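Contents: one structure, followed by commentary.
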Number of protein chains: 2
Amino acid sequence: MSSAVRTRRSRPGRPRHVPAVDDTLSPRDQILDASARLFVGRGFANTSTREIADAVGIRQASLYYHYAGKEEILGELLSRTVRPTLDQIEKIEDIAAESGWAAALYALVMIDSKTLVDAPHNSGLLAICPDVTSLEMFKPYRSTLRDLCAAYERFGRAVASVPYVSGVRLEHEVSIVVRYRAEGDVVSVRDRHVIAAGVLRACGATREEIEIAAAVSWAELLEDE
Amino acid sequence: MSSAVRTRRSRPGRPRHVPAVDDTLSPRDQILDASARLFVGRGFANTSTREIADAVGIRQASLYYHYAGKEEILGELLSRTVRPTLDQIEKIEDIAAESGWAAALYALVMIDSKTLVDAPHNSGLLAICPDVTSLEMFKPYRSTLRDLCAAYERFGRAVASVPYVSGVRLEHEVSIVVRYRAEGDVVSVRDRHVIAAGVLRACGATREEIEIAAAVSWAELLEDE
DNA sequence: GTCTATAGTCTGATAGAC
DNA sequence: GTCTATCAGACTATAGAC
């Protein structure tokens, strides 16, 4: 603390015509949160920059000080929805090496599902909507999602006592989280364990293998939940 | 046939500035097909009536002779995507009475998945997009889809040797068809049998029960495939 | 049945004051 | 950092000619 005790009650710049609802969040994050809610609630293409501004409590033009446009907002939203899982995928590869593929696959499901549960306003839904996926800027996210499916497929095939395993199919089972949330339901940790068990079961794992995988992945991830 | 042998080369009304691509289809169906392709490819909210008209080969204003607007086109599209399954649900109830719940559930999956496979341009995707689901006109379809999930839940619980069965979850497993198609893949009859088996398995059915259900539902439905 | 022409609305984006 | 003011472009929908 310097000698300036000045509590930052008034910030630099002209004051808003409506005060911020939650000023613990940066303006950028306020915009992001409002956008997520609107994009998921009414669709990306169907949401105007004016509606976003209204929800935040600023004028439409003021958005452009923080973001270059609607697509840049969407981009940051998608990043935060997809990245967390892939950032942890190295850690999961380690689990595979130490404790086997079943434990690794179980851990992947638990992490991926947590990402989807934590996504603000269920923004994971956006990644399958044509008005989003047809955008040029979506390409990198599409390839990221392909990587994720590829990981599911590798893990699943290593576990499998079953002829064919499709990565897309396994990832789809996890994406039930998005469906539940869209339906208004809350997805618990228990629900996610059920999903993880279902994925392993789809790969032909036995009940015992699944229970071991659950225990190991819990120990390895030092779950905080 | 009257005395007028006149082959209908030129139809009533002013000719189009571009001739129809496929004049075996009625103008209404030409519009419907082009709309499905565009809605699924670029999003409903993101598709303008001009683009639809261009795809059909008529002027933007001419659409309004056939449909009251974009939403009416969407409505007919949704009807054709959802109705076929529910229309056959009585038939399936009969199977349940005669041959048991497992056979009925298997049949439900086969019929529902066929509806999704047959939906032109994968239009089943529309029913989960916010720009569609947030429309006032979507309400009846939402309740129809709830009915479908309710049917899955009833059948699933009757089959179940497993504590909890969620209708939404079972329906979600079938909706993998939409994901596959969105990925560009073709979904075969064999794929659909795999899905049906997976759904029964998720309800705790044994391998034998599944095989019997498959045989029975095939016999009862007089499948043409 | 399809055309041309056009009204009125909403949109994303920029410039400059405070 | 947010405001006011403004614009050009795209949009849906209607009216009337052919």
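Quantities reported herein were computed from a predicted structural model and do not represent experimental measurements.
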Under 3.5 Å, which donor-acceptor pairs link side chains of residues 129-138 of chain B to any protein atom two or more places apart or in another chain?
{"unit_1": "B:Asp131", "atom_1": "OD2", "unit_2": "B:Phe44", "atom_2": "N", "d": "3.4"}
{"unit_1": "B:Asp131", "atom_1": "OD2", "unit_2": "B:Ala45", "atom_2": "N", "d": "3.0"}
{"unit_1": "B:Thr133", "atom_1": "OG1", "unit_2": "B:Cys129", "atom_2": "O", "d": "3.3"}
{"unit_1": "B:Ser134", "atom_1": "OG", "unit_2": "B:Pro130", "atom_2": "O", "d": "2.7"}
{"unit_1": "B:Glu136", "atom_1": "OE2", "unit_2": "B:Lys139", "atom_2": "NZ", "d": "3.2"}

* To do: Could you name each residue pair satisfying salt bridge (Lys or Arg N to Asp or Glu O under 4.0 Å) that touches residues 47-71 of chain B, not counting sequence neighbours?
  => B:Arg42-B:Glu51
* With sequence neighbours left out, what residues match A:Ala197 under side chain to side chain contact (heavy atoms under 4.5 Å, CB included)? -> A:Ile210
* Asked: Who pairs with B:Arg142 by salt bridge (Lys or Arg N to Asp or Glu O under 4.0 Å), at least two apart in sequence or on another chain?
  -> none
* Asked: Can you list every pair that meets ring pair (Phe, Tyr, Trp, His ring centres under 6.0 Å) and has a residue in residues 115-136 of chain A, with sequence neighbours left out?
  -> none
* Structure fact -> Residues passing the salt bridge (Lys or Arg N to Asp or Glu O under 4.0 Å) test with B:Arg181, sequence neighbours excluded, are none
* Neighbours of DNA chain C within residues 15-45 of chain A, by heavy-atom distance under 4.0 Å -> none
* **Ionic contact status for B:Arg80 with B:Asp29, cut-off 4.0 Å** => yes
* Asked: What residues, two or more places apart in sequence or in another chain, satisfy side-chain hydrogen bond (donor to acceptor under 3.5 Å, both in side chains) together with B:Arg16?
  -> B:Gln30
* Does the side chain of A:Tyr180 pick up a donor-acceptor pair with the side chain of B:His172 at under 3.5 Å? -> no
* Asked: Atom OH of A:Tyr64 and atom C1' of D:dT6: how far apart are they, to the nearest Å?
  -> 14 Å
* Asked: Which pairs, with at least one residue in residues 70-93 of chain B and sequence neighbours excluded, count as a ring pair (Phe, Tyr, Trp, His ring centres under 6.0 Å)?
  -> none
* To do: Please list, by residue number, the residues of residues 51-61 of chain A whose heavy atoms come closer than 4.0 Å to an atom of DNA chain C; answer none if no residue qualifies.
  => A:Gln60, A:Ala61
Restricting to nitrogen or oxygen on both sides, can you table the protein-nucleotides 7-10 of chain C pairs closer than 3.5 Å?
none

* Asked: In whole angstroms, how far is the P atom of C:dA13 from the CG atom of A:Leu63?
  -> 10 Å
* Are A:Arg146 and B:Glu183 close enough for a salt bridge, meaning some N to O gap below 4.0 Å? -> yes
* To do: Under 4.0 Å from any atom of DNA chain D, heavy atoms only: list the residues of residues 66-79 of chain A that qualify, in numerical order.
  => A:His66
* Establish, from distance only, whether the side-chain atoms of B:Asp112 and B:Thr115 form a donor-acceptor pair under 3.5 Å. => no
